[in-house]
Each structure stands twice: as structure tokens, then as C-alpha cells.
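Data block below; observations after.
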Amino acid sequence: MAEITIPKHDKNRIFSGIQPSGDLHLGNYLGALHQFVDLQNDDQNECIYCVVDMHAITVPQDPKMLRKRIYDLTALYLACGVDPKKSILFVQSEVPAHAELGWIMTCSSYTGELSRMTQFKSKSQGRESVPSGLFVYPTLMAADILLYDADEVPVGTDQTQHIELTRDLANRINNTRGETFILPKGRYLKEGARIMALDDPSKKMSKSAPNPMSRISLMDDEKTVKKAIMRATTDSDGEIRFDPENKPGVSNLMNIYSVLSGESLDSLESMYRGKGYGDFKKDLVSVVNGALQPIRTRFEEIRESSELIDILEDGAEKASAIANPVLARVKERFGMGLGTK
Ligand code: ATP
Ligand code: LTN
């Protein structure tokens, strides 16, 4: 068997992915995209961002709609500031190594640990028959990350359990077969890590919630943003105070305000001392629209451009150049295929 070493990379390698499974909302932006751009703009980092279409088909998708959403999401990544000159941006299914390592990770996992995943439990709840893809979803996600020897994975805190599983699987393989993978760490923003639904602050803001007023889509027009914020659930004590336990609705809105405006939570409390929720919400509408307007405008410009395909083809080529040698390393560890000469 060939000698196996993990080549060192100089920079801090970042990997993350978003599913092309619906309109992105403020939670996706604040929990993920916003961070992606900050990370890319730090010279210490080497960033790889993925449109995870293989994850999207874990639930039924209309083919025309899925294809459209792949391009929409790519345009949105770019509109939010992901720069293909600095970051690698690509579509998961264009790099077959994801499927191959995904299978190896599935074979290295146990049904017990997969059935403990809360995302699996909540997404399978109420379905008469549960697609197998939903069950093995986290092993594919582990493959995505490990395929690039990623050091850090920026995600919302809803993904913590999947990141822990990725580390467990990598550790298991390292311990049983010898050093194969770098152990990645999750990277979570303190604020914005979990944006809650506007109509029910006990649930996370989600693409798939039935009530459209529960979220703010990045593509919503100004009027819709206003309507959603003015209707957002608060409480009856009338005080602008950050207290997620007792005042989850107001605290969620403060969180959104703080991350988008750069004002700290403390300074928001002083700014709105003695004022009511109406004033606070009106200002929040301006803050949100001010942040979303330039994204919406850039999105429209980019979405129409033929550059998107070139960017994604170039991205897939660069991603494959990193992923294929890692896959070869893993296959070597498992004794799969013909081996390296
Ligand atoms: P769904 O809500 O339908 O499960 P999702 O919005 O979680 O979908 P993804 O595309 O998988 O779908 O999420 C992309 C990124 O956005 C992930 O990093 C995830 O952690 C983050 N994210 C999703 N919802 C929120 C939220 N409410 N607050 C903060 N981050 C979030
Ligand atoms: N499971 C994630 C999306 C995702 C991902 C990844 C995130 C798939 N592969 C790799 C980071 C790294 C989600 O549902 N948000």
C-alpha cells in the first residue's frame, strides 16, 4: 500500500454549503452568507462555498425548479459579496467525489447515531414514508467537509450536531485506519447564529415553514418586509430589552437589528429606552430594507448574466483539484479500487 500523508495547506481552509431548496431568508443571510463574505475578505483564509444540490434532493424536487434555484442561489452568493476571484464557488453534483466519499462515510456510520440527529427527526416527522436520503444526509455533509481538509465550517447553530457527527466519523476513521482526515471545527456567529421565526420566536426562521410571514426572504420587496416586521410577535410589557428567555420576540428583532446595523445590543437598549415597539419596529424596517436593497439590485443584474456558468465551471474544476486527491487518500486507506502505482 502507498505511504499516506495529509499534505499541509498554508491558509485556514473554510468550507460551507447552502441548499438550493427555496428562497433564502434573513436567517440564512445572518447565520451563513454574511459570515462567508467576512471570512473571504480575510487574507488568512481560503474559502470554498458550495451549492449543495445533492442535499436538496433528499426531499422531492421539481427538476425545473431545482435547476432555477441552483442558479438563483449562485447569483445570491455573488450578490451578497462572495467573490469568485477570492473564493471557490461550485455546485456539489458537478464534483462526483462528494457522492463517492458520501458512500464511504455512510458505511462508516451507525444507524443509531444517525437516528439521533434532530434535523432528521424534525424533517421526517409527519411523513408517511421517510426518504432514506434524509436519514443519511449528515454522512454526505461530513463528506462535503472532509473532502477539502477543511479547518473551519461557518454555519448557523442549527448545524452543530452535524458538525459533531462529522468530527466523530473522521475520528473513528483516523483511529481505526490511521491518520486520514483533518478534524474540522464549526464556526458560529454569536449574534445571528440562530434567527427565530417572526410569528413564533420559539422556532427557527425556516424556508420550509408554511406561514410566509414567519420569515423575511432576501428577495422580499420593501412593503412585504414592512408587513412582516410590523406583524412580528412581541410581548405586552413594551420595553426594548434583550432577554431571550422572557422576551424571545423582541430579543430576536434586536438581534437582527444589531447584526445588520453594527449597533450593540446594549446601545439598542439605550437608544430605545422609553420608546415603544412601534418606533423600534419602524426603524428596524429601514435597517432591513437598507441592507437588502443593494443585494436585491445586484441579484437582478447577476442573475441575467451568462457569467454564472463560467464561474461555476471554473469553481468545479478548482474544487475537484482539491477533492480528488483527498478521495484517493481515503480509498487507499480503505483498500478500495486499483490503488496508486
Ligand atoms: P430549512 O429551514 O428549510 O431547514 P434552512 O434554511 O436551514 O432550511 P439551509 O440551506 O440548509 O436551509 O441553510 C443554510 C445556512 O443557513 C446554514 O448554515 C444554516 O445553519 C443557516 N441557517 C438556516 N436557518 C437559520 C436561522 N434561522 N438562523 C441562523 N442561521 C440559519
Ligand atoms: N446541512 C446544511 C447544508 C450543508 C452544509 C454542508 C453546511 C450541506 N453540506 C457542508 C456546511 C458544510 C444545512 O442544512 N444548513
Side-chain angles (χ1 to χ4, degrees), residues 13-36 39 47-59 61 69-70 72-73 76-77 80 90-93 95 98-99 101-102 105 117-125 133-134 136-148 150-167 169 184-212 214-218 248 252 255-256 259 319 323:
R13 194 173 284 163
I14 307 273
F15 182 94
S16 197
I18 301 183
Q19 298 188 61
S21 55
D23 278 348
L24 291 211
H25 51 73
L26 210 53
N28 300 131
Y29 179 63
L30 297 177
L33 275 163
H34 189 62
Q35 270 207 84
F36 293 0
L39 289 166
C47 299
I48 306 168
Y49 299 128
C50 187
V51 175
V52 290
D53 58 343
M54 290 162 65
H55 280 90
I57 63 158
T58 52
V59 293
Q61 299 286 346
R69 284 176 168 163
I70 289 172
D72 282 352
L73 178 54
L76 201 56
Y77 264 114
C80 289
F90 74 106
V91 177
Q92 187 183 28
S93 66
V95 178
H98 287 259
L101 186 60
M105 299 316 288
M117 296 290 118
T118 53
Q119 183 169 306
F120 168 68
K121 287 195 236 174
S122 68
K123 295 217 169 174
S124 54
Q125 210 174 35
L134 270 186
V136 294
Y137 180 111
T139 58
L140 179 60
M141 175 162 165
D144 298 340
I145 298 168
L146 298 173
L147 205 44
Y148 295 89
D151 300 295
E152 288 190 294
V153 186
V155 278
T157 46
D158 60 311
Q159 294 300 308
T160 312
Q161 216 186 9
H162 290 164
I163 304 284
E164 284 312 308
L165 181 81
T166 301
R167 290 172 61 87
L169 296 178
K185 287 199 191 78
R187 187 181 172 118
Y188 312 98
L189 266 191
K190 201 150 89 350
E191 294 111 9
R194 195 171 165 83
I195 300 297
M196 309 312 282
L198 298 180
D199 61 337
D200 177 358
S202 67
K203 300 205 176 94
K204 76 160 192 158
M205 188 178 283
S206 157
K207 283 178 205 153
S208 38
N211 178 8
S214 68
R215 59 186 165 261
I216 294 174
S217 154
L218 299 185
N252 186 40
N255 225 340
I256 296 173
V259 188

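Both ligands and their constituent atoms are indexed starting at 1 by order of listing.
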Using distance alone, determine whether [X] and ligand 1 share an N or O pair under 3.5 Å.
X	result
Gly156	yes
Tyr137	no
Met205	yes

Mind telling me whether Phe15 and Tyr148 have parallel, tilted or perpendicular rings, with 30° and 60° as the class edges? parallel

Ligand-side contact atoms (ligand 2) for residue partner [X], heavy atom cut-off under 4.0 Å:
X	answer
Gly17	3 (C), 4 (C), 5 (C), 7 (C), 11 (C), 12 (C)
Gln19	14 (O)
Phe15	10 (C), 12 (C)
Ile145	10 (C), 12 (C)

Side chain, backbone, both or neither: which part of [X] has a heavy atom under 4.0 Å from ligand 1?
X	result
Lys207	both
His25	side chain
Ile195	both

Structural part of Val155 in contact with ligand 2, heavy atom criterion under 4.0 angstrom: side chain

Donor-acceptor under 3.5 Å (Arg215 side chain, Leu198 main chain): no

Is a donor from one side chain sitting under 3.5 angstrom from an acceptor on the other, for Thr118 and Gln161? yes

Looking at side-chain heavy atoms only, is the closest gap between [X] and [Y] below 4.5 Å?
X	Y	value
Ile18	Val52	no
Cys80	Phe36	no
Lys185	Arg167	yes

Just which atoms of ligand 1 are under 4.0 Å from any heavy atom in [X]?
X	result
Lys204	2 (O), 4 (O), 5 (P), 7 (O), 23 (C), 24 (N), 27 (N)
Gly31	29 (C), 30 (N)
Ser206	1 (P), 2 (O), 3 (O)
Ala32	15 (C), 16 (O), 18 (O)
Gln159	20 (O)

Ring centres under 6.0 Å, that's the criterion: do His162 and Phe120 meet it?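 No; Phe120 has its ring centre 6.0 Å or more from that of His162.
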
Option whose closest heavy atom lies nearest to atom 20 (O) of ligand 1, chosen from Asp158, Val155, Asn255: Asp158

Looking only at non-hydrogen atoms, which of Asp144, Leu140, Val153 approaches atom 9 (N) of ligand 2 most closely? Asp144

Tell me whether Ser16 has any N or O atom under 3.5 angstrom from an N or O of ligand 2.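 Min N/O separation from ligand 2 is not below 3.5 Å for Ser16.
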
Any N or O on Tyr137 sitting closer than 3.5 Å to an N or O of ligand 2? yes

Measure the distances from the heavy atoms of Lys123 to every atom of ligand 1 and state whether one is below 4.0 angstrom.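 In this structure, Lys123 qualifies as a contact of ligand 1 - some heavy atom is under 4.0 Å.
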
Can you see which heavy atom on Ala323 is nearest to which on Val95, and at what distance? CB-CG1, 4.2 Å

Check step by step if side-chain hydrogen bond (donor to acceptor under 3.5 Å, both in side chains) holds for Gln119 and Asp158. CA-CA 8 Å; Gln119 183 169 306; Asp158 60 311; over 6 Å; no

